[in-house]
Amino acid sequence: MAALPATMLAIDPVTPCAADALAPVERPLPHPGPGEVLIRVAAAGVNRPDVLQRQGLYPMPPGAPSILGLEAAGEIVALGEGVEGALLGQPVCALLSGGGYAEYTVAPAGQCLTVPPALSMVEAAAIPETLFTVWTNLFERAYAVEGDTVLVHGGTSGIGTMAIALGALFGLTVIVTAGSDAKCQAALDLGTVHAINYRDEDFVARVREITGGRGVAAVLDMVGGDYVARNLQCLADDGRHVSIAVQGGVMATIPLFEVMRRRLTLTGSTLRPRDAAFKALVADELAHHVWPHVEAGRLKPVIDKVFPLSEAGAAHARMEAGAHIGKIVLTTG
């Protein structure tokens with residue numbers, strides 16, 4: 001294997017800053033610690049937490065690199081202490097605590113999944129963050145099982161498109177909301193059963209109509225705020241509400257007696273602060289339950305647009321504009 005350079009290019013901004021302030025800078029090559037691997041990055045996924053971090057609105061977990069990027073794909077080129085030698089040279093995608101927008105990044109070996117021939121590196125880079133998030137929240141915290149109907153907000157986001165894809169594989173009926181007729185049509189084209197334009201329709205009334213008044217087994221919510229009480233109206237008895245973001249507000253007023261009377265569950269999670277042991281456990285579950293579908297070509301992320309690393313600012317501007325459908329990805333030279 002070729003000798004490694006001492007430095008690399010990375011997107012490591014002084015925050016807060018505007019999208020157009022993002023530019024590659026030279027940084028020392030990171031070194032893998034015990035249980036870690038060094039990945040030569042081919043591509044990195046762009047996620048909303050990256051935008052919030054750049055804006056100074058998303059505090060990083062202790063020890064996370066200031067370089068942006070929560071997922072990447074590439075080749076393992078160096079191993080930390082205790083990592084099995086067979087991993088050297090393997091193509092992988094990885095969930096990161098940060099550092100993906102760079103020519104090299106370090107990841108815990110347990111958070112890596114092997115990239116099969118069915119995936120390009122761009123597709124592989126667009127998988128980890130949304131797959132880990134949807135799996136842990138929709139299938140574990142919300143206990144969604146075959147035959148369930150679920151409501152997912154932000155149906156054309158990276159999370160939404162992954163929920164649609166996993167729902168199709170695991171027998172869920174997925175209802176999504178989106179902000180335009182074009183986005184609703186895109187969600188239908190991707191395989192969702194019902195798409196509701198929340199600007200034109202009352203999603204509570206439409207969910208009631210779609211489900212024949214029964215409601216849904218689970219809601220995956222990234223809005224928060226006044227959506228929470230409305231989401232509860234969409235739930236069937238014993239339904240589960242899972243919060244994964246608060247784009248519409250961090251506070252909510254809910255009817256507690258309804259929660260009691262109808263035995264509703266309100267839960268939520270954030271992935272980034274969880275420890276490596278938890279993430280490795282999720283990676284093992286994904287390798288067992290989901291990765292066979294990836295290897296067979298049955299599960300691929302929806303790719304919106306690909307930018308070179310040097311145009312990370314344009315990638316962030318596209319995400320902020322909200323017109324994207326699926327994942328935005330950066331590639332290294």
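This one's a predicted model, so the numbers in the text were calculated from it and none came from an experiment.
For the side-chain hydrogen bond (donor to acceptor under 3.5 Å, both in side chains) test with Asp304, the passing option among His324, Lys327, Arg318 is Arg318; the others fail.
No side-chain heavy atom of Val219 sits under 4.5 Å from any side-chain heavy atom of Val150. Using a 4.5 Å heavy-atom threshold, the side chains of Leu113 and Pro128 count as separate. Using a 4.5 Å heavy-atom cutoff, the side chains of Ile159 and Leu220 are in contact.
Scanning for ring pair (Phe, Tyr, Trp, His ring centres under 6.0 Å) contacts around His316 gives Tyr101, with sequence neighbours left out. Looking at residues two or more places apart in sequence or on another chain, you find a ring pair (Phe, Tyr, Trp, His ring centres under 6.0 Å) between Trp135 and Phe139, Phe170, His289.
Under the 6.0 Å distance and 45° angle rule, Arg230 counts as a cation-pi partner of Tyr227. Cation-pi geometry between Arg261 and Phe257 is not met: the NZ or CZ atom fails to fall both under 6.0 Å from the ring centre and inside 45° of the normal.
Put simply, the side chain of Glu140 never gets that close to the backbone of Asn137: no donor and acceptor are under 3.5 Å apart. A donor-acceptor pair under 3.5 Å links the side-chain atoms of Gln111 to the main chain of Leu95, judged by distance alone. Side-chain atoms of Asp221 come within 3.5 Å of backbone N or O of Gly224 as a donor-acceptor pair. Of the possible polar contacts, one joining the Glu36 side chain to the Gly33 backbone as a donor-acceptor pair under 3.5 Å is found. Between the side chain of Arg199 and the main chain of Gly179, a donor-acceptor pair closer than 3.5 Å is present. The backbone N or O of Ala118 lies less than 3.5 Å from a partner atom in the side chain of Lys300, making a donor-acceptor pair. Remark: side-chain polar atoms of Arg54 are paired, donor with acceptor, to backbone N or O of Cys17 under 3.5 angstrom.
Annotation: the span from Gln90 atom CD to Thr114 atom OG1 amounts to 5.5 Å, rounded to 0.5 Å. For the atom pair CG (Leu190) and OG1 (Thr156), the distance works out to 9.0 Å, reported to the nearest 0.5 Å. Rounded to the nearest 0.5 angstrom, Ser157 OG and Lys183 NZ are separated by 8.5 Å.
In plain terms, the two heavy atoms of His153 and Val223 that are nearest each other are CB-CG2, 4.3 Å.
No side-chain donor from either of Arg48 and Gln53 sits under 3.5 Å from a side-chain acceptor of the other.
A salt bridge does not link Asp237 with Arg214: none of the charged nitrogens is closer than 4.0 Å to a carboxylate oxygen. Ion pairing of Asp148 with Arg240 is present here, as a side-chain N (NZ or NE/NH1/NH2) and a carboxylate O approach within less than 4.0 Å.
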Notebook entry, point to check: Does the salt bridge (charged side-chain N to carboxylate O under 4.0 Å, His left out) test come out yes or no for Glu129 and Arg272, once each step is laid out?
Noted result: CA-CA 9 Å; Glu129 174 72 11; Arg272 192 176 186 184; over 6 Å; no

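Taking Ile, Leu, Val, Met, Phe, Trp and Tyr as members and joining any whose side-chain heavy atoms lie under 4.5 Å apart, directly or through other members, Val193 forms no hydrophobic cluster with any other residue.
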